[in-house]
2 protein chains.
Amino acid sequence: MAAAWELVREEGLASLSMRDLGKRVGMRAQSLYSYFASKHEITDAMFLEGYQAFAGFMLRAIDDEQLANDPVGAAKTVARAFVDFCTSDPVRYQLLFQRTIPGFTPSPRSYAVAVDVYDRMREQLATIGVRDEAAVDLWTAVLTGLADQQISNDPGGDRWTRLVDRAVDMLLADIEMNTQDTGEKA
Amino acid sequence: MAAAWELVREEGLASLSMRDLGKRVGMRAQSLYSYFASKHEITDAMFLEGYQAFAGFMLRAIDDEQLANDPVGAAKTVARAFVDFCTSDPVRYQLLFQRTIPGFTPSPRSYAVAVDVYDRMREQLATIGVRDEAAVDLWTAVLTGLADQQISNDPGGDRWTRLVDRAVDMLLADIEMNTQDTGEKA
DNA sequence: GTCTATATTTGGATAGAC
DNA sequence: GTCTATCCAAATATAGAC
């Protein structure tokens, strides 16, 4: 798996081949079939690993103390964690969030894990005040947009990532304005 | 070219092959080389066509009257035009804005056209009040983010595109707050 | 578990006849 | 301009020896 990640970071997701992977780990491509039944299984394992890393990274990002004492700061911490996760590994970002690998569909098992991770992310967003569907969708769009522009147009730089805090202030102001206050406690 | 667009919309950008394209236009793959020196030339021509369509579509989107009488409405018109252009043809979006086609790099000539189009877009953004670099970058990130989520997670629907007007209000409020007013006229 | 040998498919591209 | 014939390369995958 480590060799596979190395390779796709060097050559791109679409260029991963059994031959290259075999060479990288010091064997023939055919020998890999003792470990994975197909190339698809390898990609699927990477997909799964990526989502597990995502969940771990995001859940470690904030602690209860910041959440209680500094909700806006907590929101920024979460947002920065998300964008950092995306930009730190563009190929992983492409595999997890863009799905542009020709012909790849995650297995039901991996897909289920991904869905579960999204559920936990939604819970985390709720804790920082991003609750209703439209707010979640806008939050997601803005942060993936920043990550995407950063990766596409200024790889390795910070032209877009440095806008994350500003974007969070913008989003929170918008959410406050657009949330129908029912007068009840949440 | 029309057949090539058809094919990539059906099968994806990466799956475009000379054989398929030949079949679609009623000839052998080899005969296509009378028209294009290579497959790369075809992709490059699509890239160029895409940017020309983009420029035409965006420049037609607003008229001077709306710009003068209703600046916020004009901003929304421009934003909607952009997102509509992106979501109306996901494959073209991928070719023009995502650059994930394995091995494709636009020719200098096509690239120059793309750069020129971006310059004109920046001028258009300036007319609706999006002027300094950070504002342009944030605007771009938010709208590509919406388009991207729409294409990836709700193709054919409107879960994200319906947030465009709200996003523009959000952006304009943010830009007004973050622009250092020098006290001079622009 | 790893190898060699091989099957099979796919796709870009060229040569040369007509 | 279009065809047939062909070359070449890359890639997944299987069979079977060791």
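Each chain gets a letter, A, B and so on, in the order the sequences are listed, and its residues count up from 1.
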Show the numbers, then the answer: is there a salt bridge (Lys or Arg N to Asp or Glu O under 4.0 Å) between B/Arg80 and B/Asp84?
CA-CA 6 Å; B/Arg80 261 184 264 120; B/Asp84 285 350; over 6 Å; no
To the nearest angstrom, how far is B/Met18 atom CE from D/dC8 atom C1'?
16 Å
In terms of side-chain geometry, is the basic nitrogen of B/Asp119 or B/Arg122 positioned less than 4.0 Å from the acidic oxygen of its partner?
yes
What about A/Tyr118 and A/Tyr51, are their ring centers closer than 6.0 Å?
yes
Rounded to whole angstrom units, what separation is found between the CG atom of B/Leu32 and the P atom of D/dT2?
9 Å
Round to a whole Å and report the spacing from CG of B/Leu7 to C1' of C/dG11.
14 Å
Options C/dC3, D/dA13, C/dA13, nucleotide nearest the side-chain atoms of B/Ser38:
C/dA13
Taken to the nearest whole Å, CZ/B/Phe104 to P/C/dG12 is 15 Å
Whole-Å distance, A/Ile42 CD1 to D/dA13 C1', equals 12 Å
Cationic N near anionic O, under 4.0 Å, A/Asp20 to A/Arg24:
no
Taking the side chain of A/Ser34 as heavy atoms from C-beta outward, which of D/dG1, C/dG1, C/dC3 is closest to it?
C/dG1
Between B/Arg19 (CZ) and D/dA9 (C1'), how many Å, whole number?
12 Å
Tell me whether the OP1 or OP2 atom of D/dT4 has a side-chain N or O from B/Arg28 closer than 4.0 Å.
yes
Which part of the nucleic acid, if any, lies within reach of A/Leu16 when heavy atoms closer than 4.0 Å are counted: base, sugar-phosphate only, or nothing?
sugar-phosphate
Verify the contact: side-chain N or O of B/Tyr35 to OP1 or OP2 of D/dT2, cut-off strictly under 4.0 Å; return yes or no.
yes
Show the nearest heavy-atom pair for residues B/Cys86 and B/Phe97, with the distance to one decimal.
SG-CE1, 4.0 Å
Has B/Ser31 got a side-chain N or O lying under 4.0 Å from the OP1 or OP2 atom of D/dG1?
no
Which nucleotide in the set C/dA13, C/dT2, C/dG11 lies at the smallest distance from any side-chain heavy atom of B/Tyr33?
C/dA13
To the side chain of B/Lys39, which of C/dG12, D/dA5, D/dT2 is closest?
C/dG12
Shortest side-chain distance from B/Gln30, nucleotide among C/dA15, D/dA13, C/dT2
C/dA15
The side chain of B/Ser17 is closest to which nucleotide in this list: C/dG11, D/dA13, C/dC3?
C/dG11
Nearest-angstrom distance from the residue atom CZ of B/Phe36 to C1' of C/dG11
18 Å
